[in-house]
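Just below is one structure, and these are the notes that go with it.
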Amino acid sequence: MLLLNPGPVTLSARVRNSLLQTDLCHRESEFFDLQDEARARLLQIYGLDAAQWAAVLMTGSGTAAVESMVAALVPENGKLLVVENGVYGERITQIATQYRIAHTVAKHEWMQAPDVARIAAALDADRSITHVAAIHHETTTGRLNDLRALASVCRERGVRLLLDGVSSFGAEAIDFADTTLAAVAATANKCLHGVPGAAFVIVRRDALAVAASRTYYLDLGRLARLQDQRNTPFTPSVHAYYALVEALRELADEGGWVARHARYAALAEQARAGLAARGMASVLPPEQSSVVLRAYRLPAGVAYPQLHDALKARGFVIYAGQGGLSAELFRISTMGDIHAADIERLLQSFDGLAK
Ligand SMILES: *Cc1c(COP(=O)(O)O)cnc(C)c1O
């Protein structure tokens with residue numbers, strides 16, 4: 001079965017086999033070697049200086065990393081503006097609400113790009129806002145939000161940016177040189193091609209120095225402090241760390257994030273062109289989409305469950321639209337061990353359906 005859903009991904013044999021390594025106690029030096037390698041390799045992907053940035057690992061899915069970041073980095077007397085244009089932006093608002101973090105929302109329709117002028121006006125109207133939280137790749141629609149425009153609006157006002165990069169880290173450009181960017185939350189099992197269970201926040205050390213977490217288990221400051229000391233507060237998902245490290249080695253061997261971006265871009269274009277030729281248009285133009293996932297209009301008269309089941313019978317798991325979009329679209333991700341021949345077979349499977 002090939003997974004074309006946005007994580008977990010189809011594993012390479014190399015990553016799958018890494019799960020079979022020896023059992024490890026997480027209080028032994030062998031585990032801390034593994035943890036150190038994962039942390040160092042995560043920084044290397046975007047060439048980050050370990051004196052300025054920390055990769056903080058945790059056990060959980062991508063949401064754990066987003067929650068850890070938001071709960072720690074908005075100070076007690078700070079205020080968060082959440083940019084929403086899909087499910088994942090809305091999730092950050094729910095996290096802020098749950099922790100009673102002072103926040104306001106720049107709400108957009110799911111199909112809309114963030115309105116940067118409106119966000120600038122909202123920041124100007126409320127000078128107590130200290131942080132903006134945004135989604136880089138809004139997986140709800142496949143839209144790649146314009147980070148540069150958002151960051152410049154924040155920079156001009158001395159506001160810091162907290163980024164959900166869960167479905168873009170490792171495959172899309174992220175400008176870490178921009179000092180407005182305080183942290184990026186992501187996970188092992190999307191563009192990095194690991195298994196679910198390990199997540200992380202890439203955080204500036206100056207932001208970490210003043211972090212004060214509202215959560216116990218996901219306390220970003222404690223996790224970072226102990227990991228810097230070759231320690232860990234709790235039992236980590238050791239096997240997920242094995243897979244993460246092997247996936248990071250594989251990524252480096254394949255040419256890093258730029259090569260991964262190019263690989264996804266080619267697969268996404270192959271899928272887009274093939275579906276367009278079969279009368280299924282992509283929802284967003286390619287230049288507004290990530291290379292990671294694209295959303296397509298369901299063919300007339302075909303309900304999603306029908307399409308899903310027929311493709312699953314042919315060996316492909318695709319993904320539904322979320323919420324109100326479930327009746328209109330389906331999504332195809334090209335993350336994981338997916339190749340051009342797989343996309344070709346997928347497209348041929350669509351031909352079989354029409355009859
Ligand atoms: C997948 C995803 C998440 C986290 O989902 P989990 O199920 O917790 O891994 C968060 N944000 C975005 C943009 C995502 O695509």
Side-chain angles (χ1 to χ4, degrees), residues 1-48 50 54-65 68 165-171 184-202 223 226-228 230-264 267 292 315 317 333-339 341-342:
M1 195 63 70
L2 288 183
L3 301 184
L4 304 175
N5 49 288
V9 300
T10 301
L11 299 179
S12 69
R14 178 174 171 179
V15 170
R16 186 186 308 285
N17 289 332
S18 76
L19 295 168
L20 301 176
Q21 292 173 83
T22 189
D23 298 326
L24 271 194
C25 169
H26 67 291
R27 299 281 168 211
E28 296 293 328
S29 65
E30 291 84 354
F31 174 74
F32 297 118
D33 292 345
L34 188 68
Q35 181 172 265
D36 285 350
E37 183 173 349
R39 299 183 74 210
R41 284 188 178 276
L42 285 169
L43 293 185
Q44 281 160 16
I45 296 173
Y46 289 95
L48 303 184
V56 184
L57 287 163
M58 63 198 76
T59 287
S61 72
T63 304
S68 176
V166 175
S167 62
S168 57
F169 187 91
V184 180
T187 183
N189 69 283
K190 293 202 184 184
C191 306
L192 298 181
H193 299 183
V195 306
F200 57 90
V201 179
I202 307 291
L223 289 164
L226 291 178
Q227 288 171 23
D228 282 346
R230 282 174 63 84
N231 198 342
T232 179
F234 317 111
T235 310
S237 51
V238 176
H239 290 78
Y241 285 35
Y242 269 144
L244 172 59
V245 165
E246 200 57 43
L248 292 171
R249 292 173 185 163
E250 188 175 55
L251 174 65
D253 290 349
E254 289 175 2
W257 82 263
V258 174
R260 185 142 298 172
H261 179 91
R263 167 184 169 163
Y264 287 176
L267 294 172
V292 177
V317 173
S333 160
T334 43
M335 286 184 275
D337 194 33
I338 304 293
H339 302 272
D342 300 318

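Only this structure's heavy atoms are used, side chains among them; waters, hydrogens and symmetry mates stay out.
Ser237 and Gly197 get closest at one heavy-atom pair: OG-O, 2.8 Å. When all heavy atoms of Ala55 and Ile202 are compared, the closest pair comes out as CB-CD1, 3.7 Å. Across every non-hydrogen atom of Met335 and Cys191, the tightest pair is SD-N, 3.5 Å. Annotation for Pro196 and Ala240: closest pair O-CB, 4.0 Å, computed over non-hydrogen atoms. Here the shortest heavy-atom pairing between His339 and Leu267 reads C-CD2, 3.6 Å. Contact detail for Val238 and His26: the closest heavy-atom pair is CG2-CB, 4.4 Å.
Looking only at side-chain heavy atoms (C-beta outward), Asp228 and Arg39 come within less than 4.5 Å of each other. Annotation: side chain of Val195 is not in contact with side chain of Pro8 (no heavy-atom distance under 4.5 Å). Within the 4.5 Å cutoff, no side-chain heavy atoms of His193 are placed close to those of Asp337. Contact check for Leu57 versus Tyr241: side-chain heavy atoms found under the 4.5 Å cut-off.
Side chain of Thr10 to main chain of Leu3: a donor-acceptor pair is present (N/O by atom type, distance under 3.5 Å, no hydrogens or angles). Between the Ser68 side chain and the Ala65 main chain, no donor and acceptor come within less than 3.5 Å of each other. Within the 3.5 Å criterion, the main-chain N or O of Val15 finds no donor-acceptor partner in the side chain of Glu250. For Tyr46 (side chain) and Gly170 (main-chain N/O), a donor-acceptor pair under 3.5 Å exists by modelled atom type. No donor-acceptor pair under 3.5 Å is formed between the side chain of Arg41 and the backbone N or O of Ala252. Side chain of Tyr264 to backbone of Ser333: no donor-acceptor contact under 3.5 angstrom is found. A donor-acceptor pair under 3.5 Å is absent between the side-chain atoms of Glu246 and the main chain of Leu19, judged by distance alone. Looking only at distances, no side-chain donor or acceptor of Glu37 sits under 3.5 Å from a matching main-chain atom of Leu34.
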Evaluation steps, side chain to side chain contact (heavy atoms under 4.5 Å, CB included), between Met1 and Val317: CA-CA 7 Å; Met1 195 63 70; Val317 173; 3.7 Å; yes
Test log, rule side chain to side chain contact (heavy atoms under 4.5 Å, CB included), inputs Glu28 and Phe31: CA-CA 6 Å; Glu28 296 293 328; Phe31 174 74; 5.5 Å; no
Side chain to side chain contact (heavy atoms under 4.5 Å, CB included) between Thr232 and Arg27, worked out: CA-CA 8 Å; Thr232 179; Arg27 299 281 168 211; 3.7 Å; yes
Test log, rule side chain to side chain contact (heavy atoms under 4.5 Å, CB included), inputs Leu192 and Ile45: CA-CA 10 Å; Leu192 298 181; Ile45 296 173; 3.7 Å; yes
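Here Leu251 contributes atom CG and Ser12 contributes atom OG; the two are 11.0 Å apart, rounded to the nearest 0.5 Å. Here the CD atom belonging to Glu254 is positioned 5.0 Å from the CZ atom belonging to Arg260, to the nearest 0.5 angstrom. Residue Leu244 holds its CG atom at 9.5 Å from OG of Ser18, rounded to the nearest 0.5 Å. Taking CZ of Phe234 as the reference point, atom CG of Leu223 lies at 7.0 Å (rounded to 0.5 Å). Summarising the geometry, atom CG belonging to Asn231 is positioned 5.0 Å from atom CG belonging to Leu226; distances are rounded to the nearest 0.5 Å.
Ion pairing between a basic and an acidic side chain is recognised when a charged N comes within 4.0 Å of a carboxylate O; Asp253 and Arg14 show such pairing.
In this structure Phe200 satisfies the ring-ring contact (aromatic ring centres under 6.0 Å, His included) test together with Phe169, sequence neighbours excluded. Under the side chain to side chain donor-acceptor pair (under 3.5 Å) criterion, Asn5 pairs with no residue at all, not counting sequence neighbours.
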